[in-house]
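The structure appears right after this line, and notes come after that.
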Amino acid sequence: MTLDQVPPKAVGKKSCSTSPGRQERSAGVLSAFRALLGLVKPYHRLFAASLAALALGSSINLLLPELVRRLLDEQGFPWAKENLGLITGGLALLFVAQAGAFYLRARLFGSIGQRVYSDVRERLFRAIIAQNALFFDNNRSGELVSRINADAALVQDAASIKLSVILRYGLQVVLGTALMAWMSWRMTAAIVVSVLCMAAVSSVFVRSLRAASRAYQASLAALTAFAAECFSGAKIVQALGAQESASRGFVGMSRDVLREGQRRVRVSASFSSGAGLLLNLLLLVVLWYGIQLVASTQLPLSSLAAFALYGAIVAVSFSFLVSAYAELVQSLAGLERVFQLMAGQAGDAARRERGAQRIESVQVDLHDVSFSYPSRPTTPVLDHLSFSLRAGATTGLVGPSGSGKSSIAQLLLKLYAPTAGRLLVNGVDIQELGEDAIRGSVAWVPQEPCLFGFSVIENLLFGNERLTRDEAQRTARSWGFLSFIDELPDGFDSKLGEHGSQLSGGQRQRLAIARALLRNPSLLILDEATSGLDSETEAQVLRAARAALPTATLLVISHRLSTVREAELIVVLNEGRVFEQGSHHELRSRPGLYQEYASRQALG
C-alpha cells in the first residue's frame with residue numbers, strides 16, 4: 001500500500017457507527033460537563049468574581065425594559081419629558097457600568113480558560129506517558145499529540161467562552177422569563193410551552209451534532225498522525241522519492257477532514273438557525289396574543305412594550321444559548337476523550353509505586369515462559385523458555401532475527417507480561433514488583449537509541465535526578481568512549497536535533513550507553529546496542545561498562561559473537577526456545593547453531 005492509498009476514513013466511520021444509545025449519550029454529556037466544572041473548581045475565587053461581573057452586566061440588560069415600562073405609563077411619561085437629560089445621562093452611566101462588568105467577565109473567564117488549558121495539557125501528558133506498552137502499540141504518536149493540543153484547546157474554549165456564554169444568556173433567559181411572568185402569566189405560559197417544544201426538536205440536532213463532532217475529531221487526529229510520521233521520517237520519504245506520494249496521501253486525508261468538518265458545520269448551522277427561526281415564529285404568535293389582551297384591556301400598553309422588550313431579550317439570549325450549547329457539545333466530545341485518557345492515571349501511579357524500592361542485586365530466572373504480543377495473540381514469540389541470569393554475571397543472548405531476544409528484554413522491563421510461565425526476580429514473580437522498582441533498577445539500551453532534541457548533557461541526565469551536571473560530565477569523560485563530545489560546537493551543551501539527528505549512528509549508541517551507565521543500574525541490558533561501533537570501540541565500551549558496574553548483572557544481546565564471547569554464559573535462541581547454552585569455548589567446540597555462526601564470522 002502506498003502513502004496515497006492510506007484509508008483515512010476508518011477511524012471517523014468507526015466513531016459514527018458505534019455511537020452509544022440515547023441514555024449513554026446524555027450521561028456522557030452530563031459527566032463531561034461535571035468534569036469541566038471539576039477542572040474549573042481550583043479557581044473558584046476567580047470563577048465567583050467572573051459570575052459576579054456576569055450577573056451585574058446581565059442585570060443591567062434586564063433592568064432596561066422595566067425602566068421603559070415605568071417611563072411610558074401615565075404617571076412616568078410626563079416626568080420623563082421634563083428630565084430627559086437626566087435619564088439619558090443615567091442610562092449612559094448604566095451602559096458604562098455594563099461594559100466594565102462584561103470586560104471583567106470576559107477577562108476573568110479567559111484567565112480561567114488559559115489555566116484550565118495548562119492543567120489539562122500537563123495532566124494529559126502525564127497520563128499518556130504513564131500508559132503501558134500496549135497503549136502505544138495501539139495508538140499513533142501523532143494522534144496522541146493531537147489530543148494534547150486540539151482536545152485540550154477545546155477544553156479551554158469550553159471553560160473560557162462557552163461556559164461564560166451559557167451562564168450569561170441562561171441567566172437572562174431565566175430572569176427575563178420570571179419578569180415576564182410577573183407582568184402576564186398567560187403570555188409567559190405561552191412562551192414556556194413554545195420553548196419546551198423547541199427543546200424537544202433541538203434534542204434531535206444535539207445527537208447528530210455529537211456524532212458529527214466525534215467523526216471530525218477522529219479524522220483530524222488521523223491527519224495529524226500521518227503528518228507527524230511523514231515529518232519525523234522526512235529523510236526516508238525524500239530518499240524514496242515519495243514526496244508526491246506523501247502529499248497525495250495528506251491531501252486525501254485533509255479532504256476527509258474537510259468533509260467531516262463541513263458536515264459538522266451543516267448540522268451546527270441547522271441547529272442554531274432552525275432554533276432561532278422557530279423561536280421567532282413562536283414569539284410572533286405570542287405577540288399577537290398580547291395585542292389581543294391589550295385590545296380587551298386585560299394588559300396595559302406600557303406592560304406590553306416592556307413585555308416585548310423582555311421577549312426580545314429572552315429570544316436573543318435563548319438563540320445564543322442554543323448556539324453556545326451546540327458548540328459546547330462539540331467541545332465536550334473532545335473533553336470525553338481527554339478524561340478517558342486521564343481516568344486511570346491515579347491507579348497507574350499506585351501500581352507503579354507498589355514496592356518501588358530499588359533492587360540492588362538482580363538474579364533473574366525464567367521458568368517455562370511463553371509470550372505473544374497482545375496485538376498478535378496467536379503468534380507465539382517465546383515458547384516454554386527457561387534459563388537464568390546469574391546476579392553479577394554477564395550473560396550473552398544470541399540467535400537469528402525473530403527468535404525472541406528483544407522480547408525478553410521487554411519482559412524484564414515489565415513493558416509486557418508473560419502469557420504463561422513465571423519470570424522471577426530474586427525469587428519473586430516480576431508481576432508482584434512495582435514498575436518503579438523494576439525500572440529504577442534496570443537500564444535498557446536498544447539498537448536504535450531514543451535521543452531528544454536537547455543538549456548532550458540534558459540527554460545524559462534525562463530521567464536521572466541524582467547526578468549533578470559536573471558529576472555527569474566528569475564521569476562520562478573518564479570512560480574514554482565519548483571523546484567526540486568535545487569536538488561538537490558547544491561540547492556538552494550542543495543541541496542534538498530531533499532524535500539526535502546531528503550525531504552518527506555509532507555516536508548515538510555511545511551516548512545512550514553512557515546515559516544508561518550514569519543511572520548505575522543493577523541490571524544492564526544492551527540490546528544490539530553496539531551494532532554501529534567498530535570492534536575496537538565496542539570492546540572499549542564493554543570494558544568501560546563492566547568497570548563502571550562491577551557488581552551489576554549484564555545481559556548482552558547481539559548478532560555478533562565477538563560482542564558476547566567474554567560472557568560467563570551464552571544462551572542461543574531459535575524460534576523462541578533455548579537451542580543451546582554454555583560458554584563461548586563450550587559452544588564453539590560442539591556442533592550446533594553457535595558453531596555455525598562462529599564459522600561464518602571466522603571467530604576462532
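Residue numbers run from 1 in the order of the sequence given.
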(message) Tell me whether R588 contacts the main-chain N or O of A598 through its side chain, where contact means a donor paired with an acceptor under 3.5 Å.
(response) no
(message) I'd like to know if the side chain of R422 and the backbone of V428 have a donor-acceptor N/O pair within less than 3.5 Å.
(response) no
(request) Using salt bridge (charged side-chain N to carboxylate O under 4.0 Å, His left out) as the criterion, point out the one residue from K495, R469, R515 that pairs with E458. (result) K495
(message) Within the structure provided, determine whether V442 and I525 are in side-chain contact (heavy-atom separation under 4.5 Å).
(response) yes
(request) Could you tell me the separation between the CG atom of L554 and the OG1 atom of T395, rounded to the nearest 0.5 Å? (result) 8.5 Å
(request) Hey, could you give me the CG/CG distance between L424 and L366, rounded to the nearest 0.5 Å? (result) 8.0 Å
(message) I'd like to know if the side chain of S441 reaches the main chain of I359, judged simply by a donor and an acceptor atom lying under 3.5 Å from each other, with no hydrogens or angles considered.
(response) yes
(message) Any heavy-atom pair between the side chains of V572 and L587 that's under 4.5 Å?
(response) yes
(request) Among residues two or more places apart or on two chains, list those pairs meeting salt bridge (Lys or Arg N to Asp or Glu O under 4.0 Å) that have a residue in residues 373-396. (result) D383-R577
(message) Is it the case that the side chain of N464 and the backbone of L518 share a donor-acceptor pair, with hydrogens and angles ignored and the cut-off at 3.5 Å?
(response) yes
(message) Tell me if a side-chain donor or acceptor on S478 pairs with a main-chain N or O of T475 at a distance below 3.5 Å.
(response) yes
(request) Answer yes or no: is there a side-chain heavy-atom contact under 4.5 Å between L411 and P418? (result) yes
(message) Classify the ring geometry of Y416 against F371: parallel below 30°, tilted from 30° to 60°, perpendicular beyond 60°.
(response) tilted
(message) Counting the benzene-type ring for Trp, do Y597 and H559 have ring centres under 6.0 Å apart?
(response) no
(request) Decide side-chain contact (heavy atoms from CB on, under 4.5 Å) for R248 and E244; before the verdict, give the C-alpha distance in whole Å, the side-chain angles of both, and the deciding distance to 0.1 Å. (result) CA-CA 6 Å; R248 285 197 300 272; E244 185 58 34; 3.2 Å; yes
(message) Looking at every heavy atom in both E580 and P591, which two are closest together, and how far apart are they?
(response) OE1-O, 4.4 Å
(request) Work out which heavy atom in V556 is nearest to a heavy atom in V564; give both atom names and the distance. (result) O-CG1, 3.7 Å
(message) I'd like to know if the side chain of S370 and the backbone of H384 have a donor-acceptor N/O pair within less than 3.5 Å.
(response) yes
(request) Determine the minimum heavy-atom distance between D534 and T537, stating which atoms define it. (result) OD1-N, 2.8 Å
(message) Determine whether a donor-acceptor pair (N or O, by modelled atom type, separation under 3.5 Å) exists between the side chain of Q509 and the backbone of Q447.
(response) yes
(message) With a 3.5 Å distance limit and no angle check, can you tell me whether R466 reaches the backbone of R519 through a side-chain donor-acceptor pair?
(response) yes
(request) Report the C-alpha separation of I438 and D436 in whole Å, then their side-chain angles, then the decisive distance to 0.1 Å, and conclude whether the side-chain contact (heavy atoms from CB on, under 4.5 Å) test is met. (result) CA-CA 5 Å; I438 293 294; D436 285 352; over 6 Å; no
(request) Nearest 0.5 Å please: distance from the NE2 atom of H584 over to the CD1 atom of I570. (result) 7.0 Å
(message) For E575, I'd like to know if atom CD has over 12 heavy atoms of other residues, nucleotides or ligands within 6.0 Å.
(response) no
(request) Give a yes or no answer on whether the side chain of Q363 reaches the backbone of N426 with a donor-acceptor pair at less than 3.5 Å. (result) no
(message) Under the rule for salt bridge (Lys or Arg N to Asp or Glu O under 4.0 Å), what residues qualify as partners of E538, not counting sequence neighbours?
(response) R560
(message) Minimum heavy-atom separation for V257 and S219, please, with both atom names.
(response) CG2-O, 3.4 Å
(message) Measuring only between side-chain heavy atoms, which start at C-beta, is V120 closer than 4.5 Å to L39?
(response) yes
(request) Please tell me if the side chains of W444 and P521 come closer than 4.5 Å, counting only heavy atoms from C-beta onward. (result) no
(request) Output the distance between atom OG (S558) and atom CD (E528), rounded to the nearest 0.5 Å. (result) 4.5 Å
(message) Less than 4.0 angstrom from a charged side-chain N to a carboxylate O is my criterion; do E566 and R543 meet it?
(response) no
(message) Just so I know, are the side chains of L397 and I408 near enough to count as touching, which here means a heavy-atom distance under 4.5 Å?
(response) yes
(request) Could you tell me whether the side chain of F492 reaches within less than 4.5 Å of the side chain of D486, counting heavy atoms only? (result) yes
(request) Heavy atoms only: give me the nearest A516-A443 pair and the separation to one decimal. (result) CB-CB, 3.8 Å
(request) To the nearest 0.5 angstrom, please state how far the CG atom of D368 sits from the CG atom of L385. (result) 9.0 Å
(message) Quick check: do R600 and Q595 have side-chain heavy atoms less than 4.5 Å from each other?
(response) no
(message) Students often mix this up, so state it plainly: with edges at 30° and 60°, are the rings of W479 and F481 parallel, tilted or perpendicular?
(response) parallel
(request) Check A514 against L482 and note the closest heavy-atom contact, atom names and distance. (result) CB-CD1, 3.5 Å
(request) Could you tell me whether a side-chain N or O of Q507 sits under 3.5 Å from a main-chain N or O of S504, the two making a donor and an acceptor? (result) yes
(message) Looking at R477, I'd like to know if its CZ atom is crowded, meaning that more than 12 non-hydrogen atoms belonging to other residues, nucleotides or ligands lie closer than 6.0 Å.
(response) yes
(message) Run L517 and L549 through side-chain contact (heavy atoms from CB on, under 4.5 Å) and show every step you take.
(response) CA-CA 8 Å; L517 296 180; L549 306 172; 3.6 Å; yes
(request) Output the distance between atom CG (D493) and atom OG (S455), rounded to the nearest 0.5 Å. (result) 5.5 Å
(request) Take D527 and K405 through the test side-chain contact (heavy atoms from CB on, under 4.5 Å) and record every step on the way to the result. (result) CA-CA 8 Å; D527 186 358; K405 303 186 298 298; 5.5 Å; no
